[in-house]
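The structure under discussion appears below in the form of structure tokens.
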Amino acid sequence: MAAKAKTTAGKKTQSRGTGRGAISIRNVTKIYDPEGVNVMAVDNCSMEIESGEVCMIVGPSGCGKTTLLNVIAGFHSLTFGEIYLDDELLCGPDKPLADQGADRMVVFQNGALFPWKSLLDNVAYGPIVQGVMSKSDARDKARDNLAEAGLGEVADKFPGEVSSGMARRAEIVRALINDPKVLLLDEPYRAMDALTKSIMHESLLEVYDRTKVTIFFITHDLEEAIFLGDRVVVMTTRPARTKKVVDVKIPRPRDYKLLSSEQFRVLVEEAKDAVHEEAIKAFEAGERELA
Amino acid sequence: MTDQAISGIDTSKAQAAPKGLMYAWHRLKKSFGTPTPYLMFFGIVLWLGTYYLLTEGWKVPRFEKIPGPVEVITEFFSYDPIWGTSLFTEDFHTNVYVSCRRIFIAFALATGLGVPLGLFMGWSRKFKDYTFPILETLRPIPILAWVPLAIVMFSGFETPIIFLATLASFFVTTLNTLLGVESIDESYFRAAGCLGSKKHHVFWHVVVPGAMPFIFTGLQISIGVAWFSLVAAEMISGDYGLGYMIMDSYMVNKYVSMVMAMISLGFVGWITSAMVRWGGNRMMQWRVKALALEGR
Ligand SMILES: Nc1ncnc2c1ncn2[C@@H]1O[C@H](COP(=O)(O)OP(=O)(O)OP(=O)(O)O)[C@@H](O)[C@H]1O
Ligand SMILES: [Mg+2]
């Protein structure tokens, strides 16, 4: 069992946001297949994410970022350590697998809107199955929320009929209608062209400014990380640990003009140096670097 | 209106998507701009031509006994058939009707049992562990090997035939449904979990629709297999039906009637699988639309 470095729960910081959605990751270790091959994906990783913070995770490919997200979301169990959400234990030594729930909404790398439901039914699905709204109320609210996100016209279309950018935005609408404490995103904009990406960024920032939901965002794109984040956490090569934290003290609301500012450049360089070092280490460790 | 008249493009028409019959007509008109209908026509002519030349034209040895297309077609549409069976005689109607009824019952039974079974097997690991080995041992047994057992087990003509057709299509449907559930991307289950689904929600909103494409592929194959085993069963033990008609005509050297039954089988089989395809498209609009955008 890993040594518990921090056992004192309850040092909640309430600097921004809604006062909810603070994640405390304490000495988390994840070993895949403990009896067999033993891949250590995350090693003794600790991180405090404040309520309402946009925390960007970057790191070399295959270092264990997705693993960490999956542990928080309750898709994988952890091996050692514990994770708290607003001082409530999500998973720990006695309960290695967190319950999946609507308080942590995941937006998946390849998109996971149900292709057999219209955008509207996708968005209305959460409130209906949780039983918090009647069917017609949920559909009304879903329609409003989609319209708010500029998707009113395509609300009745199937995900396969709209562009990937629209589908991704609809997926975020589907997540937010449940009023989650945390939004977990795993490289949601990876396969998009630069223009679509920048539209996605603006729409995510707009959503954030409105809801102040805590965001845990994995990416390979350092400019994206600095542009969106309050803090950029650079991970080491596998097993993942925190290597460096870049604080992004750029006031919000932000817009694309920021991209050409000196302050922005400096921060990107700072993060780049850290990532580059890790990439070289990964390379020297004989791993294929794809990032 | 004037704007449109000047530009020569009626945008109001271009925008409205054609519906129903108009849509079918639109599709048909469009298809004449592609080589497909011409190739189809050419293919049929080529096939019929070869058939004609072999049998009635050149009377190639070994083919001369086979009734040629002209003979078959005249007989088929004759009010006073030489061999006693045509499109207008009652025994033909009975044979077609009996075969179709058997297929309908067998297919309905196989689908009604196979789809739920496959869904549960894909959904519950434990249930699969119980049932899969049995299914996998029974499945490779050729359907003809079941014939004697079916006759011993069931009395009469009807039940053993339906049993055989059901059995064959049941295996196909179950296996395809199972594969369908297993093909569903893990992220949909995760998304459903995140969104607060209970188990039964996951079943109805992820497992069932997610497996649908595979289920319908399976049903297409299963209706074909049902016809196959139906005809085999009818040929061996039957009183009516197209398979029986083939065997019966063969026994009394009515080769024209035999070929007529074969052609009818092809035609009816084609219609039934078109109906399954149509049903599938109706139930999976999401897929039809997504595929249409990819130009398929
Ligand atoms: N289910 C699993 N079983 C065994 N090993 C796994 C499993 N999932 C991931 N791994 C391994 O754990 C390591 C970390 O994987 P993970 O997907 O978390 O990386 P990542 O940082 O998200 O990478 P990328 O940037 O490519 O998405 C990898 O070496 C991977 O091979
Ligand atoms: Mg990943």
Side-chain angles (χ1 to χ4, degrees), chain A residues 66 69-70 72-76 97-119 121-133 138 154 156-164 167 171 174-180 182-186 188, chain B residues 15-17 19 23 115 119 122-123 125 177 179-219 279-296:
Chain A
T66 301
L69 183 141
N70 284 344
I72 299 173
F75 303 146
H76 284 324
L97 184 64
D99 294 326
Q100 293 173 20
D103 51 351
R104 287 149 286 140
M105 277 293 159
V106 180
V107 176
F108 294 86
Q109 194 159 1
N110 297 313
L113 283 176
F114 302 126
W116 44 84
K117 286 182 187 293
S118 67
L119 297 188
D121 287 333
N122 262 291
V123 175
Y125 178 81
I128 292 174
V129 296
Q130 290 158 39
V132 297
M133 270 185 223
V154 292
D156 295 305
K157 290 201 182 290
F158 291 108
E161 294 180 276
V162 301
S163 69
S164 62
E171 203 173 342
R174 176 175 82 169
L176 288 173
I177 199 174
N178 301 290
D179 194 25
V182 188
L183 207 52
L184 304 165
L185 302 100
D186 190 355
Chain B
Q15 302 264 310
K19 287 239 159 64
Y23 177 70
V115 170
L119 287 174
W123 190 44
R125 181 80 225 175
T177 308
L179 290 178
V181 179
E182 288 177 349
S183 77
I184 301 172
D185 196 311
E186 178 64 27
S187 59
Y188 297 133
F189 289 101
R190 289 180 171 179
C194 272
L195 290 164
S197 314
K198 310 221 166 44
K199 271 201 129 181
H200 65 274
H201 296 127
V202 175
F203 184 77
W204 288 110
H205 294 276
V206 180
V207 174
V208 173
M212 216 43 107
F214 269 69
I215 294 179
F216 272 94
T217 313
L219 291 184
N281 286 347
R282 278 304 295 256
M283 286 184 71
M284 295 184 291
Q285 279 302 303
W286 57 274
R287 198 146 178 276
V288 174
K289 288 182 176 167
L291 288 179
L293 281 185
E294 287 166 27
R296 281 198 266 162

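Because the structure is predicted, anything quoted here is derived from the model rather than measured. So that the names make sense, note that chain A is the first sequence line, chain B the second, and so on, each numbered from 1.
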Select, from [options], the one with the greatest count of heavy-atom pairs under 4.5 Å involving chain B.
options                   : result
A112(A), G160(A), G126(A) : A112(A)
E171(A), E161(A), Q109(A) : E161(A)
G101(A), G74(A), P115(A)  : P115(A)

Distance (rounded to the nearest 0.5 Å) between [X] [atom1] and [Y] [atom2]:
X       : Y       : atom1 : atom2 : answer
C194(B) : F75(A)  : SG    : CZ    : 4.0 Å
R190(B) : N70(A)  : CZ    : CG    : 4.5 Å
L195(B) : Q130(A) : CG    : CD    : 7.0 Å
L293(B) : F158(A) : CG    : CZ    : 12.0 Å

Could you tell me which portion of [X] (side chain, backbone, both or neither) has an atom closer than 4.5 angstrom to a non-hydrogen atom of chain B?
X       : result
K157(A) : neither
A73(A)  : neither
L113(A) : backbone

**OP:** Applying ring pair (Phe, Tyr, Trp, His ring centres under 6.0 Å), run through Y125(A) and H205(B) and close with a yes or a no.
**Re:** CA-CA 9 Å; Y125(A) 178 81; H205(B) 294 276; 5.1 Å; yes
Original post:
Which pair of heavy atoms, one from W116(A) and one from G210(B), lies closest together, and at what distance?
Top reply: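 Here W116(A) and G210(B) meet closest at CZ3-CA, 3.5 Å.
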Subject >> Whether over 12 other heavy atoms sit under 6.0 Å from M283(B) CE >> reply: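 Count not over threshold, so no.
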Subject >> Proximal component of Q285(B), with respect to chain A [non-hydrogen, under 4.5 Å] >> reply: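 Answer is both: backbone and side chain atoms of Q285(B) are under 4.5 Å from chain A.
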